[in-house]
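Contents: one structure, followed by commentary.
In this text, all values refer to a predicted model and were calculated from it rather than measured experimentally.
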Amino acid sequence: MTFWKEWRASLTGRTVQKPERRIQPVERLKEDKNQINKNHSTPPARQDFDNLLVRWANVFRGAPYPACARNPEPDLLNQSRSATSDPGPIQIISADIIQKLTSFWRSKNVETDAAKLQKQAQYLRDLTLDPIELAHLLSRISHHWEPHWRRCPDIDQFTRLVKKTGITTTAQKRKLLVQHLKRWEMAQKSLRNPPMSVCVSFNKNQSENAVA
């Protein structure tokens, strides 16, 4: 029947609209689920670093350096070692940072010069930002930037702006994890090798008890 309907319509110059395929409920649910994942996903590595740092803070909370208040769980040690051995995302280069900064200041109607851009880019490069972190940082700076400001900040002003955002980069978090692991190793060594003063005091007490 479809063929003859299309043939008759072709004689009169009309076209027959084909019925659209109905989307099954299962397919629609799958599409909605994929869309939710796209809109709300966060890079797992960034989530993991934050979670690991919180757990390490609980390990050391209230204990004098380098001691621990409690032993870290085996999975915390394993995940921390794995995270610190991973080089992470590729860091953004100075040329790309300058390009992003130029576009950013232009969007704020702020005049810039090469010397200031170079110093700002060098400061950001030393923070070992990746492209996603740089975009996030500029977005936070934009939040603090007043519309009536028209002068490009010097390096001291720019440094204060960056610190005001409160952003901690993945590279900085990785360094903190390394420091936590080193502190844990030091705590373990101190337990195996107690300080000499403690050993002397212990031996003295043992001798006095023996004489008594």
Side-chain angles (χ1 to χ4, degrees), residues 28 30-61 76 78-183:
R28 188 178 299 278
K30 188 175 181 180
E31 290 177 1
D32 293 342
K33 194 173 182 180
N34 291 337
Q35 188 63 36
I36 291 173
N37 290 335
K38 288 180 182 178
N39 293 338
H40 299 281
S41 61
T42 304
R46 301 174 198 278
Q47 292 179 341
D48 291 344
F49 273 113
D50 292 338
N51 178 49
L52 293 174
L53 289 172
V54 168
R55 294 175 65 186
W56 275 112
N58 292 329
V59 169
F60 296 122
R61 182 171 288 113
L76 174 58
N78 294 334
Q79 291 177 29
S80 299
R81 287 165 181 154
S82 176
T84 53
S85 63
D86 181 9
I90 298 175
Q91 308 303 321
I92 192 167
I93 61 176
S94 296
D96 291 339
I97 295 176
I98 291 176
Q99 182 181 10
K100 297 293 185 182
L101 284 172
T102 302
S103 300
F104 175 77
W105 293 126
R106 186 182 297 121
S107 71
K108 301 298 178 186
N109 296 319
V110 173
E111 294 185 1
T112 60
D113 59 70
K116 285 185 177 180
L117 284 176
Q118 188 66 40
K119 289 181 179 180
Q120 292 174 4
Q122 179 64 41
Y123 174 74
L124 294 181
R125 192 183 69 83
D126 291 342
L127 295 179
T128 56
L129 296 158
D130 63 42
I132 295 177
E133 290 170 337
L134 177 60
H136 187 204
L137 176 66
L138 293 178
S139 175
R140 296 289 292 273
I141 291 177
S142 178
H143 176 73
H144 294 289
W145 189 260
E146 296 293 341
H148 61 274
W149 291 348
R150 289 291 179 265
R151 296 182 61 182
C152 186
D154 59 31
I155 189 59
D156 292 332
Q157 295 168 334
F158 185 73
T159 300
R160 289 196 293 270
L161 267 175
V162 172
K163 290 181 177 179
K164 194 174 182 179
T165 64
I167 291 176
T168 305
T169 67
T170 303
Q172 291 171 326
K173 293 175 183 178
R174 184 179 288 106
K175 288 180 181 179
L176 286 174
L177 273 183
V178 170
Q179 293 173 6
H180 289 329
L181 286 170
K182 287 182 177 179
R183 178 174 173 176

Practice item. May I ask you to check whether over 12 heavy atoms, not counting those of Q118, lie within 6.0 Å of atom CD? Key: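 Result for CD/Q118: open.
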Are [X] and [Y] packed together at the side-chain level, in the sense that at least one heavy-atom pair is separated by less than 4.5 angstrom?
X	Y	answer
I167	E133	no
L137	L124	yes
L101	L138	yes

In Å, rounded to the nearest 0.5 Å, how long is the span from [atom1] of [X] to [atom2] of [Y]?
X	Y	atom1	atom2	result
L76	L181	CG	CG	8.0 Å
T170	Q172	OG1	CD	9.0 Å
T168	L127	OG1	CG	10.5 Å
H136	I141	NE2	CD1	11.0 Å

Practice item. Taking S82 for its side chain and N78 for its backbone only, find out whether a donor-acceptor pair lies under 3.5 Å. Key: no
Check your understanding: Any donor and acceptor pair, going by atom type alone, linking the side chain of S139 with main-chain N or O of A135 inside 3.5 Å?
Key -> no
Check your understanding: Looking at residues at least two apart in the chain, or sitting in another chain, which of them share a side chain to side chain contact (heavy atoms under 4.5 Å, CB included) with R125?
Key -> S94, I97, Q122
Exercise for review: Mind checking side chain to side chain contact (heavy atoms under 4.5 Å, CB included) for L53 and listing every partner two or more places apart, or none if nothing turns up?
Suggested key: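 By the side chain to side chain contact (heavy atoms under 4.5 Å, CB included) rule, L53 matches K173, L176, L177, H180.
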Study note, to complete from the structure: Correct closest heavy-atom pair for A171 and T128 would be CB-OG1, 2.8 Å
Review point. Which pairs, with at least one residue in residues 82-101 and sequence neighbours excluded, count as a ring-ring contact (aromatic ring centres under 6.0 Å, His included)?
Key: none
Taking only distance into account, with no hydrogens and no angle test, what donor-acceptor pairs under 3.5 Å do side-chain atoms of residues 150-159 form with protein atoms, sequence neighbours excluded?
{"from": "R150", "atom 1": "NH1", "to": "P147", "atom 2": "O", "distance (Å)": "2.5"}
{"from": "R150", "atom 1": "NH2", "to": "P147", "atom 2": "O", "distance (Å)": "3.4"}
{"from": "D154", "atom 1": "OD1", "to": "D156", "atom 2": "N", "distance (Å)": "3.2"}
{"from": "D154", "atom 1": "OD1", "to": "Q157", "atom 2": "N", "distance (Å)": "2.8"}
{"from": "Q157", "atom 1": "OE1", "to": "D154", "atom 2": "N", "distance (Å)": "3.0"}
{"from": "T159", "atom 1": "OG1", "to": "I155", "atom 2": "O", "distance (Å)": "2.7"}

Could you list the donor-acceptor pairs under 3.5 angstrom formed by side chains in residues 105-114, with sequence neighbours left out?
{"from": "W105", "atom 1": "NE1", "to": "Q120", "atom 2": "OE1", "distance (Å)": "3.0"}
{"from": "S107", "atom 1": "OG", "to": "F104", "atom 2": "O", "distance (Å)": "2.5"}
{"from": "K108", "atom 1": "NZ", "to": "S142", "atom 2": "OG", "distance (Å)": "2.5"}
{"from": "D113", "atom 1": "OD1", "to": "A115", "atom 2": "N", "distance (Å)": "3.1"}
{"from": "D113", "atom 1": "OD1", "to": "K116", "atom 2": "N", "distance (Å)": "2.8"}

Check your understanding: Under the salt bridge (Lys or Arg N to Asp or Glu O under 4.0 Å) rule, what pairs show up with a residue in residues 51-60, not counting sequence neighbours?
Key -> R55-E73, R55-D75
Practice item. For the residue pair W149 and W145, categorise the inter-ring angle as parallel (less than 30°), tilted (30 to 60°) or perpendicular (more than 60°). Key: perpendicular
